[in-house]
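Only one structure is covered here, and it is reproduced in the block below.
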Amino acid sequence: MNGYSKVILKKGKDEAVRRFHPWIFSGAIEEISGQYQEGDIVDVFSAGMEYLATGYLLSGSIAVKLFIFRQQLIDKKFWQTAFESAFKLRESLGLTDSKLTNCYRLIHNEGDGFPGLIVDIYGELAVIQAHSVGMYQLRAQFSEILQEMYGKKLKAVYDKSAESLRKMTGFKVEDQFLFGSPKETIVKENGHKFLVDPVKGQKTGFFLDQRENRQLLSSFAKGRKVLNMFGYTGGFSIYAAKAGAKEVKTVDSSAAAIEIAIRNMELNGISDDTHSGIVADARNFLTSMDDHYFDLIILDPPAYAKNLDSRKQALNGYKAINNQAIRKIAPGGILFTFSCSQVVDRQMFTSVVTAAAIEAGRKVQVLHQLSQPADHPLNIYHQEGTYLKGLVLRIL
Ligand code: SAH
């Protein structure tokens, strides 16, 4: 016996758990035994008191997130084994010991059996981001495990949970270094250099999920005039410039991001003649830009829909920006268009881009359907975890 509180499900509400779905909604619960609070580890039982799974408690409509379907003690050894398994995947992908790339996602939520946890590796720095109290409470243990696993290769662990925890749970905490101290971090991705600032930057500091899509962009960029809309610190821009683009513009509403984008260009030896960074709102820029000027456009907006209530408005937003880009891109131009909203699935996204194309009245070919890379794995029992969707279009 491990002594965890018991969550007992209502009769007939155990089907999803038996199919290994990692969430339990509050409406499925008959009772929770003993004293408990948010973040506690609990064992989940059917109405007939058959053990089903183990997870941690949350306070919202999702009441439990599950991480294991076999009863056992959830101690440091348990998490160590889970971290090692995650590491092995990245090792097999060639990410842990590569001369060209030293940044990758080590832990990706449900996809790695850690609901509510992200760990990103930026060279000698690891950034932990908890989206739940259950995972946040374990941060010191996770930091220890990381140090043991990486040894001298790891110089710092930063906990960047303040924003994600406040949004998801209302809990107020401070970001902090759990080990080591702040230092400017320069990472390599496919041989390109990037400055990453987890303290001031967005999310954990860099958008690692676009690595393969940026690489794909390289093959289209030669000789083109590129607009990297929602460009953040210039990820796609550097690949484009290095692949021989004639001109690259990075546009983002964040002045701090554009400042780093410009520094990233210098780091990679790209001249001001080729690249410029512009602080602007996407809609304004797209509406006022000249027709047929750019012939390679990237649209990688932030998640327009954070939940189901905002989905309709989000779809209109995606349609509007895609319509502008498709209408204005030069004939033969290439559009890389993305959505990272979890509640907008691939079919919906494709429909919205199709509607935008119809309104623009242009002939459009789909060249690639894009997703997230394998260091952002999807748990097959948790399709809700699919988030990054992209299309590469040729517009005639
Ligand atoms: N493509 C980037 C990641 C983009 S994240 C990469 O590969 O690294 C989304 C970006 O959109 C953020 O940098 C954010 O600052 C920017 N953004 C959000 N709202 C915007 C708006 N209305 N206009 C322009 N940029 C915006």
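As the structure lists them, so they are numbered: ligands from 1, and atoms in each ligand from 1.
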Item to check | Donor on one side chain, acceptor on other, Tyr293 and Glu247, under 3.5 Å | outcome: yes

Checklist outcome for this item: Tightest non-hydrogen contact, residues Leu154 and Phe179, listed as O-CE2, 3.5 Å

Checklist entry - Taking all atoms of both residues into account, what is the closest heavy-atom pair of Trp79 and Ile74, and its distance? => result NE1-CG2, 3.5 Å

Next on the checklist: With no hydrogens and no angle check, just 3.5 Å: does a side-chain donor-acceptor pair link Tyr318 and Ser339?
Outcome noted: yes

Item to check | Whichever hydrophobic residues join Ile29 through chains of side-chain contacts under 4.5 Å | outcome: Val7, Leu9, Val17, Phe20, Ile24, Ile32, Tyr36, Val42, Val44, Leu52, Leu57, Val64, Leu66, Phe69, Ile380, Tyr381

Would you tabulate the polar-atom pairs, meaning N/O of ligand 1 against N/O of the protein, with distances under 3.5 Å, reported to 0.1 Å?
from, atom 1, to, atom 2, distance (Å)
ligand 1, 1 (N), Phe230, O, 3.2
ligand 1, 1 (N), Asp300, OD2, 2.7
ligand 1, 7 (O), Arg214, NE, 3.4
ligand 1, 7 (O), Arg214, NH2, 3.0
ligand 1, 8 (O), Arg214, NH2, 3.3
ligand 1, 13 (O), Gln202, NE2, 3.4
ligand 1, 13 (O), Asp252, OD1, 3.4
ligand 1, 13 (O), Asp252, OD2, 2.6
ligand 1, 15 (O), Gln202, NE2, 2.9
ligand 1, 15 (O), Asp252, OD1, 2.6
ligand 1, 17 (N), Ser253, OG, 3.4
ligand 1, 22 (N), Asp281, OD1, 2.8
ligand 1, 23 (N), Ala282, N, 2.8
ligand 1, 25 (N), Ser253, N, 3.1
ligand 1, 25 (N), Ser253, OG, 3.3

Checklist entry - What class does the angle between the rings of Phe230 and Tyr304 fall in, given that below 30° is parallel, 30 to 60° is tilted and above 60° is perpendicular? => result perpendicular

